[in-house]
Amino acid sequence: MSKTRKVGFTETVLRDANQSLIATRLPYSKFEPILETIDKAGYYSAEVWGGATFDVCLRYLQEDPWDRLRKIRKKMPNTKLQMLLRGQNILGYKHYPDDVVRKFVEYSIKNGIDIIRIFDALNDVRNLQVAIEETVKRGGHASGTICFTTSPVHTLEKNVQMVKELKQMGVKSICIKDMAGIMGPKESYDLVSAIKDAVPELPLVIHTHCTTGLAFMTCLKGVEAGADVLDTAISPMSGGTAQPATETLAYALRSLGYQVDLDDKVLIKMADFFKGVRADFIKDGTLDPISMATDTQCLNYQIPGGMLSNLISQLKMMNAIDKLDQALAETPKVRADLGYPPLVTPTSQMVGSQAVQNVLAGERYKVVGKEIKAYCRGEYGRTPAPIDPKIQKKILGDTPVVKGRFADSLKPEFEKTKKELGATAKSDEDVLSYIAFPQVAMAFFKDREAGFPKKDAPKKDTAAPAAKKESDLPPMPAWQGHVYYANVPASLSNGVNTRPIQPFAASYQPPHLVLAPKDTTPGTYTITIDGKPYAVSVAAADGPAPAAAPVAAAPAPSPAPAPVAAPAPAAVPAPAAPAAGETPVPSPMPGNVFKVECKPGQAVKAGDVLVVLEAMKMEIEVTAPVDGTVKSVVVAVGTAVNTDDLLVTLS
Ligand code: CO
């Protein structure tokens with residue numbers, strides 16, 4: 001290998017480092033002053049958009065994500081702007097029809113994106129094809145991405161085969177995306193060598209995370225094997241769950257004789273600026289020092305750290321942390337049963353949750369979430385290896401499996417949605433925001449129409465109105481919060497650690513799993529439902545029953561729907577002895593009500609979905625056990641329920 005070779009850098013501070021360390025909470029106003037400086041640094045590209053930035057802008061930052069992109073473009077005319085796109089899923093997990101994918105790509109490029117890094121959780125190239133095609137058609141640079149994972153079927157040959165297919169599709173570069181920081185220097189060297197042998201003309205990018213501490217070595221060995229570009233973050237926002245530091249790798253590579261075209265003086269200015277940003281986020285608690293540290297446990301268990309902490313949180317919520325051993329042993333078995341999906345969101349949560357379900361139910365695949373069912377039907381794409389046919393049969397019964405590409409079965413959606421939205425959408429970009437995050441975007445449009453509250457308005461812990469947004473909106477997907485790394489009990493140390501591991505702190509609750517404490521704090525709150533404010537008293541479990549009454553000044557609302565405003569678990573009646581001819585439908589597990597699919601008076605058949613719970617990162621359908629009529633629905637969207645809490649009564 002030639003040592004005078006040039007190595008390029010992609011700066012991730014505005015997207016992945018922002019997402020990994022501070023849950024994407026960096027508002028445009030805060031980083032605007034540094035954009036012109038970043039533009040002078042000499043980066044190969046700057047990753048500024050996609051991933052969680054889009055959702056968080058709409059949901060929390062009162063920012064139009066498209067507008068953010070246009071402003072960055074204006075301030076950074078000399079740097080290639082890059083985004084992350086989840087192929088046929090765009091920014092979420094659901095498959096979108098091709099017309100939506102194409103429009104999203106078209107408008108991303110129109111608003112300023114140069115490079116689109118396109119990946120699929122299952123590495124199914126059919127899920128990348130349309131996004132790549134459209135990127136090429138619109139004059140953009142499509143970067144074809146391999147999600148790195150290890151399994152008996154993920155051989156070098158298989159990866160090389162995928163790279164060749166991506167090249168056929170017209171990608172201008174290849175990225176190895178190591179979501180969890182589990183790719184080591186040896187894997188990096190071998191994989192980069194194999195890919196460079198197969199497609200030497202395509203620039204190769206390495207994307208990894210410092211989580212396990214391997215990243216610098218992984219990057220260096222990758223460069224030695226021929227990698228052309230590294231993803232890095234400016235030092236104050238680097239390390240831990242984010243990328244390795246830009247300045248460190250630039251220094252090391254130069255000293256080894258590689259050409260690095262970054263301007264050190266500019267990097268110093270950037271670092272000074274982001275030290276201030278970091279200090280602010282540490283002060284307000286958004287940046288948890290744990291995210292900045294090295295955690296080697298994912299190496300011990302061979303599962304991503306975020307997944308391990310999810311497993312632990314789920315078991316704790318179910319009062320079953322003593323089953324962690326079994327759940328950890330079950331996880332690789334579930335992954336093998338399901339055809340070795342790469343462990344990246346959402347498959348990591350699906351595999352982890354299913355392992356927990358299998359252990360808790362005492363029977364494998366007795367309780368199966370909606371996502372796993374969809375996965376087994378083939379809705380997520382082709383699995384790397386076949387799913388175990390016996391298990392697939394147990395999960396699906398006679399439900400047919402999707403033949404071919406799932407998106408082919410979807411009807412065009414863009415023009416139809418545009419018509420439906422009418423004047424609510426001010427632009428085609430608004431229509432796309434709505435398609436990607438319907439409830440979140442609608443709340444954003446309303447707030448925008450009303451004029452956003454002042455940024456210096458009282459914070460949510462001192463004023464009631466802020467509760468509105470979060471209670472009205474669907475839960476934020478786990479991947480968009482911090483990636484948390486939990487310690488497991490000392491008894492589970494596999495000998496790699498030389499000192500006992502501290503037990504997972506009992507008081508510690510990852511923000512994306514905040515459930516009961518926030519909702520059960522006694523007091524009086526104002527909750528707005530469909531624009532009408534309701535005063536709600538929330539009592540402690542042994543206190544008086546919660547009451548919901550319209551606020552006096554409210555414009556004559558219809559009688560208050562009590563259950564909606566009663567998120568406290570205490571408010572959910574336990575199933576009393578059923579009256580003759582009545583069938584109570586209890587909750588099979590603790591969780592939150594995600595959807596209510598039935599109304600009082602409605603006739604239902606056995607097997608019809610009554611309520612969808614969100615539990616353990618999955619949607620769990622609760623179905624009617626018998627034919628009947630819905631007598632009462634005692635829960636509403638957002639209600640927290642425990643096992644055996646009454647959901648619906650049938651008569
Ligand atoms: Co990443």
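All values below were derived from every heavy atom in this structure, side-chain atoms included, with hydrogens, water molecules and symmetry-related copies excluded.
Around atom NZ of Lys6, no more than 12 heavy atoms belonging to other residues, nucleotides or ligands sit under 6.0 Å away. Around OH of Tyr251, the count of heavy atoms belonging to other residues, nucleotides or ligands within 6.0 Å does not exceed 12. With a 6.0 Å radius and a threshold of 12 heavy atoms from other residues, nucleotides or ligands, Glu201 has its CD atom above the threshold. Counting non-hydrogen atoms of neighbouring residues, nucleotides and ligands closer than 6.0 angstrom, the NZ atom of Lys30 exceeds 12 such neighbours.
Salt bridge Arg254/Asp264: present, at least one basic N to carboxylate O contact under 4.0 Å. For the pair Arg138 and Glu134, the salt-bridge criterion is met [side-chain N within less than 4.0 Å of a carboxylate O]. Ion pairing between Asp231 and Lys177 fails under the 4.0 Å rule for side-chain N and carboxylate O.
Side chains of His154 and Asn123: a donor-acceptor N/O pair is absent below 3.5 angstrom, by distance only. Side chains of Glu47 and Thr10: no donor on one and acceptor on the other come within 3.5 Å. Looking at Gln243 and Asp16, their side chains do bring a donor and an acceptor atom within 3.5 Å of each other. Between the side chains of Thr53 and Thr24, no donor-acceptor pair is found at a separation under 3.5 Å. Using a 3.5 Å distance cut-off with no hydrogens or angles, the side chains of Asp178 and His207 do not pair a donor with an acceptor.
Using cut-offs of 30° and 60° for the angle between ring planes, the Trp66 and Phe104 rings count as tilted.
Taken from NZ in Lys71 to CD in Glu32, the straight-line distance is 7.0 Å, to the nearest 0.5 Å. A distance of 11.0 Å separates NZ in Lys40 from CE in Met76, rounded to the nearest 0.5 Å.
Annotation: Tyr434 is not in aromatic contact with Phe414 [ring centroid separation under 6.0 Å not met].
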